[in-house]
Amino acid sequence: MYRDLLMNLTLIISFLSISGQFFKESPMNATRRNQIFSGILAGILGCILMYFSINVTDILIMDLRNFTIIIATVYGGILSGGIAAIICIFGRVLLFGINPGSIGAVISIIVLIIVCGLLLKTKMSTFNKFMGMNGSSVIIMSILFIDLIDDPEKLRQALIYFGFISTIGGIIIYSLTNYISYSNANFRKLRLFEKVIDTTNQGVTITDKQGKLLYINGGFTRITGYHSNEVIGGSHRILQSGHHDKVFYRKMWDDLTKTGQWMGEIWNKNREGQVYPELLNISEVQNKHGQTVNYVAVFSDITEMKNTENQLKEANEHLQKLSSIDGLTKISNRRTFDTSLEKEWNQALRYRHPISIIMLDIDYFKKFNDTYGHLGGDECLIRVAAALSDTVNRSSDVVARYGGEEFAMILPDTNEQNALHIAEKVRSNIELLNIPHKNSLISDHVTISAGVVTIFPEEQIKLVELLLHADQALYKAKEHGRNRVEIYQI
């Protein structure tokens, strides 16, 4: 009897292992289709168990078909358990005919499915529900045995054998079923994670602790062009672009070893040989003993981001240039002049260098505008500004349109004598432009007046005084007949 019941148990375990594969992608109770399918499978198994049952009497058999109903109910729901119960009922009658034993079996199955349905609605744990259903099955079958077995010895053996196998088998079957269910749930999670990782736009790789590639996702292929059969077993060196030296990679791995993580920008090369920038994050994976076993790298192609950054940088530089340049003459404007003067003043104050300022004004420019019109006046300003720019050749010198027809020059680290020489050269170059000015009171051509001031900055001297002195020198040049240069003596 034990042997036959153990065979029943073996059939159930085999069924669980096989059905676990059927429901690996989706739980038994996930959809109505799954519930129906799992109920049918459990019912068929119940009939098979009845076929290999033990004949206790002429009309009574002993098997473990109730386990199939319990499993179907716990993991597939009442619909699944009900279908299994119905199939078992028909199977009992078809296999063994209608007799008191069949009627008792039908009643016991009906009572069991009702009890299972009630226990299923409780808030008990899955284990308690399973064992509660199993215990109910033992009680129901024991009552049936007592009612239909007249021989006390047969009754005693049946109760002992069935109770023992049901108890031990229940624990084994629950443990196996729960393990399969848990394993399948983990499998589905892993499949989901793999799908998420594979469909992400980021590249993901997993290597062993020696750096050998074990896994790449779809993002890796989309970014680099390499497929798994080309890189698995190799290393990330296949992506090296040559933009980084050995010191860069040594520092990367030193940081990774010390902190367990490295993040930064790196230039790599795809399968077509094209170099691209990527944002790379490498993290180490440790086992429970704290030993590094794998490295996970996640990276993104940031070419578009870099292009956008460059475009924004160029746009900002262009805007900065527009805001610092005079729109008409294309030389520095008043704002840039003030900023540059403050910077050069502080430099001169720090290093005790002289700084010179030249203020220039086009003589009788109002008369010029009245004679030649505003377009002619604009053209005159443009030519004068160009002549001023051509006179200086140091990158630190600043030529600016100070306002209207007035211009200014900043000459860092320039003494009075050199400043005077530059101012005279500017005055001469403007005169040599031979721009007609028939209504000028001093010349037939456009001329300028200039004021020069040179100073060694000191803490007690204010920057505004420098500009005031340069303006006073310019006023003095105009007073003394124009088309001349005057120096403000400190």
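In this structure, D326 contributes its side chain and I331 its backbone to no donor-acceptor pair below 3.5 Å. Between the side chain of N184 and the main chain of P27, no donor-acceptor pair closer than 3.5 Å is present. Remark: the backbone N or O of P412 is paired with a side-chain donor or acceptor of T414 at under 3.5 angstrom. Side chain of S17 to main chain of I13: a donor-acceptor pair is present (N/O by atom type, distance under 3.5 Å, no hydrogens or angles). At least one donor-acceptor pair closer than 3.5 Å links the side chain of T199 to the backbone N or O of V196. The backbone N or O of F23 lies less than 3.5 Å from no partner atom in the side chain of S26, so there is not a single donor-acceptor pair. S235 contributes no side-chain N or O that, together with a main-chain N or O of K212, makes up a donor-acceptor pair within less than 3.5 Å.
With a 6.0 Å radius and a threshold of 12 heavy atoms from other residues, nucleotides or ligands, H244 has its NE2 atom above the threshold. More than 12 heavy atoms of other shown residues, nucleotides or ligands fall within 6.0 angstrom of atom OH in Y249. Taking a 6.0 Å sphere around CD of Q286, one finds it holds more than 12 heavy atoms contributed by other residues, nucleotides or ligands. Within 6.0 Å of atom CZ in R352, more than 12 heavy atoms from other residues, nucleotides or ligands are found, so the atom counts as buried in its surroundings. Heavy atoms of other residues, nucleotides or ligands lying less than 6.0 angstrom from OH of Y475 number 12 at most. Within a 6.0 Å sphere centred on CD of E304, heavy atoms belonging to other residues, nucleotides or ligands number 12 at most. For R33, the CZ atom is loosely surrounded, since the number of other residues' heavy atoms within 6.0 Å does not exceed 12.
Heavy-atom minimum distance, T200 versus R222: O-NH2, 2.7 Å. Closest of all the heavy-atom pairs between F299 and V204 is CE2-N, 4.3 Å. The two atoms that bring I223 and N201 nearest to each other are CD1-O, 3.6 Å, heavy atoms only. The shortest heavy-atom contact between L433 and A387 is CD1-CB, 4.0 Å. Between I40 and I83, the closest heavy-atom pair is N-CG2, 3.8 Å. Here the closest heavy-atom approach between residue G82 and residue I113 is recorded as N-CD1, 3.7 Å.
The pair K251-D255 counts as a salt bridge, with a side-chain nitrogen and a carboxylate oxygen less than 4.0 angstrom apart. Here R427 pairs with E424 in a salt bridge; the nearest charged N to carboxylate O distance falls below 4.0 Å. Using a cut-off of 4.0 Å between Lys/Arg side-chain N and Asp/Glu carboxylate O, D338 and R334 are scored as salt-bridged.
In the model, N418 has a side-chain atom that pairs as donor or acceptor with a side-chain atom of N415 under 3.5 Å. Counting only N and O atoms by type, the side chains of N178 and S181 include no donor and acceptor under 3.5 Å apart. Checked by atom type, the side-chain pair D361/S449 shows no donor-acceptor distance below 3.5 Å.
Aromatic ring pairs are classed by plane angle as parallel below 30°, tilted from 30° to 60° and perpendicular above 60°; the pair F368 and H437 is perpendicular.
With ring centers used as reference points, F37 lies under 6.0 Å from F22. Less than 6.0 angstrom separates the ring centroid of W253 from the ring centroid of Y295.
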Practice task
Report the C-alpha separation of L192 and R188 in whole Å, then their side-chain angles, then the decisive distance to 0.1 Å, and conclude whether the side chain to side chain contact (heavy atoms under 4.5 Å, CB included) test is met.
Solution key: CA-CA 6 Å; L192 176 62; R188 289 190 289 271; over 6 Å; no
Practice task
Apply side chain to side chain donor-acceptor pair (under 3.5 Å) to S300 and Q202, showing your working.
Solution key: CA-CA 5 Å; S300 302; Q202 294 178 306; 3.1 Å; yes
Exercise for the section: Kindly determine whether M409 and V426 satisfy side chain to side chain contact (heavy atoms under 4.5 Å, CB included), including the steps that lead there. Expected result: CA-CA 11 Å; M409 302 175 71; V426 167; 4.0 Å; yes
Practice task
Check the pair Y276 / Q274 against side chain to side chain donor-acceptor pair (under 3.5 Å), numbers first and verdict last.
Solution key: CA-CA 6 Å; Y276 65 92; Q274 298 171 330; over 6 Å; no
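Across F130, F67, Y75, a single residue satisfies ring pair (Phe, Tyr, Trp, His ring centres under 6.0 Å) together with Y174, and that is F130. Of the options N281, D254, L280, T257, a side-chain contact (heavy atoms from CB on, under 4.5 Å) to W262 is made by L280 and by none of the others.
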